[in-house]
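Working notes for the structure below.
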Amino acid sequence: MAVKITGADRGTPAEQAGLAGATLLSIDGNEINDMLDYEFFSSGPKLELALVRGAKLEYVCVEKDEYAPLGCAFESYLIDKKHSCRNKCMFCFIDQLPSGLRETLYFKDDDERLSFLFGNYITLTNLNAHEVERIKKMHISPINISVHTVEPELRVKMMTNRHAGEVLKYIDEFAGAGIEMNCQLVMCRGVNDGGHLRKSLEKLGGLYPAVRSIAAVPTGLTRYRDGLYPLEPYDRESACEVLDILEEYGEKYKRQYGVRVVYPGDEWFLLAGRPIPPDEYYDDYVQLENGVGMWRLLHDEFMNALPDQKHTLLPRAIDVATGTLAYPLIRMLADTLQSLHRNVKVTVHCIRNDFFGGNVSVAGLITGTDLIAQLKGKLRSHTLGIPEVMLREEKDKFLDDVTVKQLEKALGVRVRILPQNGGELLKAMLK
């Protein structure tokens, strides 16, 4: 594959060798098909690049420090196009989105390269034999895998892909090659829980340390499910049943390996009405991106930062909006802060997710539309704090394309974006 080098980072070997504008054919005889190939084959201290400039084939030798970046820029980050998902999972959140949102929200990625580079989860159904061998050869690790069940027939049913069961063999192959994996189980009530969950935990946990963690989270259900598989949300009783199994296997592996391996998402404890576990439960928070331990970490960071705020504070006030899941925690943190500093007034607002439906409770899926509808006329200060997870990466728009500026105008306040780190959240409340 020929790859156009669109630019070169300043001060890098690519700039010094004048590679911008050339077409890259290979590095040390290895064809470059995507970013993983480029990063792996350009890591050495001495490289021979096969290039085309105009119609002329050239060979350029480059010397650099080992693992130092070569510095080439390409038209897209991955060089190749992103691999889209081939499944139609019964619980897919993207299939539950209403029409009319921005186009990028409807793209389903299932790309092993994004798993390694950014921590995205993949289903393995997009991998071919060449890609599996490349992962083992390059020792691409860790890989994050959406497993859901280790039973082939059930996995086919859940993912509506006839290959979904047979690709489970790659998990054993990766384990044999020393590739680390973080696994995810999206739990669907009455489908992959109960005895099916036990089989998944037994199989995956038995592959430790290759499988270094297993997160289990309840499926998110919106009100836009017409024509989709009939799923029911977990209630207190059914959540307790799932949590009991997760806790049983977590304790088993803790005794066996010294770490839990199995980590329930925070929602299970909240649905079951049980306290969030202490810090040591989460073993360095290996599944934090999956919502596992976020409550505990935010709480402890906030509380640990409080003693640093010993000086007398000038009067200040802020309103804070969050989802129904995080509301009890944010309210408790705000109350603790106010009990220590009487001049500080923090009003926490619990926002229902009317846009997606009552079963969606996380703050990251709250829309600008719901914020405006539920906060208009109810704010007690001139500043509204919103969690940064409510906004896209550029921190300017909500899921429904309402902008921060539109929110400020509609509510007549200044919006302050609140970070996820508990210590930084405290600072933002006191700013």
Side-chain angles (χ1 to χ4, degrees), residues 218 220 236 239 264-279 281-282 288 291-309 313 315-356 358-368 370-391 398 407 411 413-431:
R236 182 167 185 152
D266 294 357
E267 299 100 315
W268 296 115
F269 295 99
L270 300 173
L271 284 169
R274 299 180 187 177
I276 298 293
D279 174 81
Y281 180 95
Y282 294 101
L288 189 63
V292 177
M294 291 184 71
W295 257 62
R296 173 52 59 194
L297 185 61
L298 181 65
H299 171 274
D300 289 0
E301 289 172 339
F302 190 97
M303 299 302 286
N304 289 338
L306 269 177
D308 296 333
Q309 301 294 333
L313 297 171
R316 64 200 63 198
I318 185 173
D319 288 83
V320 174
T322 189
T324 55
L325 186 68
Y327 174 76
L329 172 62
I330 303 302
R331 175 66 186 271
M332 185 270 288
L333 297 179
D335 289 346
T336 302
L337 173 60
Q338 293 175 107
S339 70
L340 296 174
H341 298 281
R342 300 295 183 181
N343 284 341
V344 176
K345 302 298 179 186
V346 181
T347 305
V348 184
H349 301 268
C350 184
I351 306 298
R352 298 182 318 275
N353 198 320
D354 294 334
F355 188 89
F356 286 115
N359 293 316
V360 178
S361 57
V362 296
L365 294 174
I366 295 293
T367 61
D370 280 340
L371 287 170
I372 293 169
Q374 295 176 44
L375 293 177
K376 203 155 194 176
K378 298 180 180 178
L379 299 180
R380 299 182 182 180
S381 73
H382 298 294
T383 303
L384 173 64
I386 59 169
E388 61 183 353
V389 294
M390 286 186 185
L391 301 169
F398 297 88
L407 179 67
L411 297 178
V413 295
R414 181 169 63 94
V415 167
R416 183 176 300 162
I417 298 173
L418 304 177
Q420 286 296 96
N421 176 276
E424 296 302 315
L425 172 62
L426 174 60
K427 291 179 183 178
M429 285 183 174
L430 298 176
K431 187 175 179 181

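All values derive from a computational prediction rather than experimental measurement. Because only heavy atoms are used, hydrogens play no part in the values below, and waters and symmetry mates are left out as well, while side chains stay in.
- For the pair D354 and Q374, the minimum side-chain heavy-atom distance is below 4.5 Å.
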(request) Applying side-chain contact (heavy atoms from CB on, under 4.5 Å), run through V413 and T383 and close with a yes or a no. (result) CA-CA 5 Å; V413 295; T383 303; over 6 Å; no
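- R296 places a side-chain N or O within donor-acceptor distance of the main-chain N or O of P277, the cut-off being under 3.5 Å.
- Shortest non-hydrogen contact noted between W295 and P328 is CH2-CB, 3.9 Å.
- Residues F398 and L371 have side chains in contact (heavy-atom distance under 4.5 Å, counting atoms from C-beta outward).
- Shown here for V320 and I330, the closest heavy-atom pair between the two residues is CG1-CG2, 4.1 Å.
- Atom OG1 of T367 and atom CG of L407 lie 10.0 Å apart (nearest 0.5 Å).
- How far CD1 of I372 is from CG of L375: 9.0 Å, rounded to the nearest 0.5 Å.
- Remark: side-chain polar atoms of Q420 are not paired, donor with acceptor, to backbone N or O of P387 under 3.5 angstrom.
- Under a cut-off of 6.0 angstrom, the local environment of CZ in R416 is crowded, with over 12 non-hydrogen atoms contributed by other residues, nucleotides or ligands.
- Between I351 and T324, the closest side-chain pair of non-hydrogen atoms is not below 4.5 Å.
- Distance CE/M429 to NE2/H341: 12.5 Å, rounded to 0.5 Å.
- Taking each heavy atom of R236 and A272 in turn, the nearest pair found is NE-O, 3.4 Å.
- Minimum heavy-atom separation, M390 to A321: CE-O, 3.8 Å.
- Side-chain atoms of P264 and Y281, non-hydrogen and from C-beta on, do get closer than 4.5 Å to each other.
- The main-chain N or O of L365 is found under 3.5 Å from a side-chain atom of N353 such that the two form a donor-acceptor pair.
- When all heavy atoms of D370 and R352 are compared, the pair lying nearest together is OD2-O, 3.5 Å.
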(message) Using side-chain contact (heavy atoms from CB on, under 4.5 Å), reason through L270 and L325 one step at a time and then give a plain yes or no.
(response) CA-CA 8 Å; L270 300 173; L325 186 68; 3.0 Å; yes
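- Looking only at distances, no side-chain donor or acceptor of R414 sits under 3.5 Å from a matching main-chain atom of H382.
- Residues D319 and K378 come closest through the heavy atom pair OD2-O, 4.4 Å.
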(request) Go through L298 and L425 one step at a time and tell me if the side-chain contact (heavy atoms from CB on, under 4.5 Å) criterion holds. (result) CA-CA 9 Å; L298 181 65; L425 172 62; 4.0 Å; yes
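- Proximity of a side-chain donor or acceptor of D266 to a complementary backbone N or O of G293 within less than 3.5 Å is detected.
- Rounding to the nearest 0.5 angstrom, the gap separating the CG atom in L418 from the CD1 atom in I318 is 5.5 Å.
- Between the NE2 atom in H349 and the CD1 atom in I386 there is a gap of 13.0 Å [rounded to 0.5 Å].
- Rounding to the nearest 0.5 Å places OG1 of T336 at 9.5 Å from CD of Q338.
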(message) Walk me through whether H299 and M332 qualify under side-chain contact (heavy atoms from CB on, under 4.5 Å).
(response) CA-CA 9 Å; H299 171 274; M332 185 270 288; 3.1 Å; yes
